[in-house]
Protein chains: 2
Amino acid sequence: MSNLSISEENYLKAIFHLYKPGEGIGTNAIARHLDTKPASVTEMLKKLADKKLLTYEKYQGVIPTRKGFTLALVVIRKHRLWEYFLVEKLKLKWDEVHEIAEQLEHIQSDLLVEQLDAFLGFPKLDPHGDPIPDKEGKMCAMNCCCVSEIKPNSNARIFGVKNHTSAFLKHLEKLNLTIGKTFTLVNRNDFDQSVELVLNKQTMHISKEVAENILVEKLK
Amino acid sequence: MSNLSISEENYLKAIFHLYKPGEGIGTNAIARHLDTKPASVTEMLKKLADKKLLTYEKYQGVIPTRKGFTLALVVIRKHRLWEYFLVEKLKLKWDEVHEIAEQLEHIQSDLLVEQLDAFLGFPKLDPHGDPIPDKEGKMCAMNCCCVSEIKPNSNARIFGVKNHTSAFLKHLEKLNLTIGKTFTLVNRNDFDQSVELVLNKQTMHISKEVAENILVEKLK
DNA sequence: ATTTTTTTTTAGGTGCGACTAAATTATATT
DNA sequence: AATATAATTTAGTCGCACCTAAAAAAAAAT
Ligand SMILES: [Mn+2]
Ligand SMILES: [Mn+2]
Ligand SMILES: [Mn+2]
Ligand SMILES: [Mn+2]
């Protein structure tokens with residue numbers, strides 16, 4: 001029964017999201033992700049290392065332990081379940097839920113989480129296409145890639161987003177690029193990496209930045 | 001847009017609950033209610049006075065301002081809406097929700113509260129019979145009193161409880177004394193203030209402590 | 001192999017919300 | 001009215017989570 005503070009939970013989650021097999025996670029990257037200062041991060045890393053949630057060696061970059069991964073997944077599970085609740089039950093828009101879930105994810109009660117999960121019908125994906133870990137921390141494998149990675153003349157269905165800011169999501173909504181929509185990638189412009197695609201027989205252009213933040217599954 | 005900390009919100013709520021017209025609220029009473037020390041209370045009272053949420057004069061006892069009342073009611077509204085949600089939607093027991101609502105009441109989002117209220121169908125009473133303030137802070141007038149205040153040979157319907165601890169609520173459940181049940185108060189024993197009542201044709205005895213914490217409406 | 005730049009850590013400090021112990025003020029008792 | 005008791009405030013600390021500025025180590029550039 002590891003009782004973590006809200007700050008500790010946010011650090012664990014950030015570290016989880018920044019983790020890539022093989023590489024240690026840098027102090028600066030964590031500070032950037034949490035909008036805080038590197039000096040503050042160093043302090044917290046020592047505390048989390050004391051609690052055996054990650055391995056810390058000066059200047060080496062940090063790697064979460066099994067326990068660290070597990071606890072991060074619990075927070076992520078709660079975040080995504082609450083987002084699902086807010087959109088499906090309370091009828092909030094997909095761009096309105098992230099900030100609220102950022103608070104709700106820290107509510108402490110195992111009973112609450114399990115009952116919420118059941119009430120929602122054990123959803124597998126959150127409103128942004130991200131998989132929701134189950135009670136054991138398992139989540140469905142994702143077979144998707146960025147729009148910026150698919151080839152011209154291929155069809156794709158929008159699966160999710162990588163950027164969760166309200167500004168980006170509202171922009172997508174305006175472009176009618178929401179989850180489930182299918183389109184054909186017609187062409188990629190070499191000089192600015194912008195992408196030309198056809199959606200509902202309408203041709204449209206999206207910037208490199210947008211293309212990098214939309215996740216799709218390829219269609220045959 | 002007064003942004004209060006969780007502590008400040010909990011103090012405001014405690015002060016609201018302890019308030020009685022005419023009298024100032026003592027430092028000790030607040031400390032007892034929040035399970036903290038008088039010295040800590042004094043400090044917080046000064047801070048809340050700076051924010052114009054109450055009037056504070058050394059040694060005089062404290063009185064909430066209009067603004068203090070209003071903000072306390074917002075927190076109480078959230079607490080009771082979440083309790084209703086937990087019982088009616090997530091199927092938690094009435095003795096399991098208080099601690100969780102104590103956390104949820106601090107989630108900051110006006111949109112969330114209003115949508116939750118609508119989703120629940122604008123409930124008027126929480127699972128313990130307490131009135132839920134509406135968006136404007138208004139709540140239905142309560143016409144009820146303690147079992148310890150009603151006279152022998154009168155009929156009453158259980159309306160709510162004054163004590164919200166899990167221990168007390170579980171006890172009531174065991175005695176089958178839950179909201180909506182009606183009974184006849186047969187007799188009060190003078191020497192220990194215990195009460196004899198008839199519920200479903202069964203005679204039972206309840207202690208003074210229990211009688212003081214059950215709220216009823218009198219039936220003709 | 002130096003030098004420069006970047007990353008990370010250390011040192012020292014702040015605000016918040018708690019605490020204990022001691023002083024002060026108010027209230028009750030004699 | 002003087003004294004004892006209770007309530008409240010003050011003074012001084014502490015842990016947490018942040019900060020800035022400076023030092024140290026690692027990585028990159030010359
Ligand atoms: Mn968070
Ligand atoms: Mn999401
Ligand atoms: Mn609370
Ligand atoms: Mn209640």
Side-chain angles (χ1 to χ4, degrees), chain A residues 2-16 18-20 22-64 68 71-72 75 102-103 105-106 108, chain B residues 2-16 18-20 22-64 68 71-72 75 102-103 105-106 108:
Chain A
S2 43
N3 243 349
L4 300 179
S5 71
I6 290 177
S7 261
E8 288 171 326
E9 289 192 341
N10 283 335
Y11 272 90
L12 271 191
K13 202 160 57 103
I15 288 163
F16 181 96
L18 292 167
Y19 174 77
K20 279 176 195 170
E23 347 181 350
I25 303 152
T27 304
N28 272 339
I30 298 170
R32 204 166 24 243
H33 200 270
L34 289 174
D35 193 26
T36 181
K37 299 288 182 250
S40 312
V41 173
T42 300
E43 268 196 84
M44 181 59 90
L45 293 183
K46 288 174 180 171
K47 217 192 309 176
L48 295 176
D50 285 349
K51 298 192 178 186
K52 310 282 186 214
L53 301 175
L54 47 81
T55 60
Y56 172 72
E57 270 185 286
K58 272 190 182 181
Y59 297 104
Q60 290 319 114
V62 101
I63 293 179
L71 291 180
V75 181
E102 205 57 45
Q103 302 176 60
E105 71 190 0
H106 304 293
Q108 306 268 9
Chain B
S2 43
N3 242 350
L4 301 179
S5 70
I6 290 177
S7 262
E8 288 170 328
E9 290 192 341
N10 284 334
Y11 272 91
L12 272 191
K13 202 160 56 104
I15 289 163
F16 181 96
L18 292 168
Y19 174 78
K20 279 175 195 171
E23 347 180 352
I25 303 151
T27 304
N28 272 340
I30 299 170
R32 204 162 27 240
H33 200 271
L34 289 174
D35 194 26
T36 181
K37 300 288 180 247
S40 313
V41 173
T42 300
E43 269 196 83
M44 181 59 91
L45 294 182
K46 289 175 180 170
K47 217 193 309 178
L48 294 175
D50 286 348
K51 297 192 177 184
K52 310 282 186 217
L53 302 175
L54 47 82
T55 60
Y56 172 74
E57 271 185 284
K58 270 189 186 185
Y59 296 101
Q60 291 319 116
V62 100
I63 293 178
L71 292 181
V75 181
E102 205 57 44
Q103 302 176 58
E105 71 190 0
H106 304 292
Q108 307 269 9

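The shown structure was predicted, so the numbers you read here are calculated from the model rather than taken from an experiment.
- With hydrogens and angles ignored, a donor-acceptor pair closer than 3.5 Å exists between the side chain of A:Glu43 and the base of D:dC18.
- A heavy atom lying under 4.0 Å from DNA chain D marks the following residues of residues 31-40 of chain A, by number: A:Thr36, A:Lys37, A:Ala39, A:Ser40.
- Look at A:Lys46 and you'll find a side-chain N or O under 4.0 angstrom from OP1 or OP2 of C:dT10.
- A:Thr27 comes within 4.0 angstrom of the backbone, heavy atoms only, and of no base.
- A:Leu48 places its CG atom 12 Å from the P atom of D:dC16, with the value rounded to the nearest Å.
- The shortest distance between side-chain heavy atoms of B:Gln60 and B:Thr55 does not fall below 4.5 Å.
- Using a 4.5 Å heavy-atom threshold, the side chains of A:Tyr11 and A:Thr36 count as touching.
- In this model, the phosphate group of D:dT8 is approached by a side-chain N or O of B:Asn28 to a distance below 4.0 Å at OP1 or OP2.
- Contact record, A:Asn28 with A:Pro38: OD1-CG, 3.2 Å, taken as the closest heavy-atom pair.
- Distances shorter than 4.0 Å separate some side-chain N or O of A:Ser7 from OP1 or OP2 on D:dC18.
- In this structure the side chain of A:Leu48 reaches within 4.5 angstrom of the side chain of A:Ile15, judged on heavy atoms.
- Side-chain contact between B:Lys51 and B:Ser2: absent, with no pair of heavy atoms (C-beta onward) separated by less than 4.5 Å.
- To the nearest angstrom, P of D:dG15 lies 20 Å from CG of A:Leu4.
- In this structure, the NZ atom of B:Lys58 is 9 Å from the C1' atom of C:dT24, given to the nearest Å.
- A straight line from CG of B:Asn3 to C1' of C:dC16 spans 15 Å, rounded to a whole angstrom.
- Between B:Tyr59 atom OH and C:dT27 atom P the separation is 11 Å, expressed in whole Å.
- Counting only heavy atoms from C-beta outward, the side chains of B:Asn10 and B:Leu34 approach each other to under 4.5 Å.
- Whole-Å rounding puts the A:Asp50 CG to D:dC16 C1' distance at 14 Å.
- Between B:Glu105 and B:Glu102, some side-chain heavy-atom pair lies under the 4.5 Å cut-off.
- Positionally, the nearest nucleotide of DNA chain D for B:Tyr56 lies more toward the 5' end than for the other of B:Tyr56 and A:Met44.
- Put simply, CD1 on B:Ile25 is 16 Å from P on D:dA7, counting in whole angstrom units.
- Checking the phosphate oxygens (OP1, OP2) of D:dC16, no side-chain nitrogen or oxygen of A:Tyr11 falls inside 4.0 Å.
- Atom CD of B:Glu23 and atom P of C:dA26 are 19 Å apart (whole Å).
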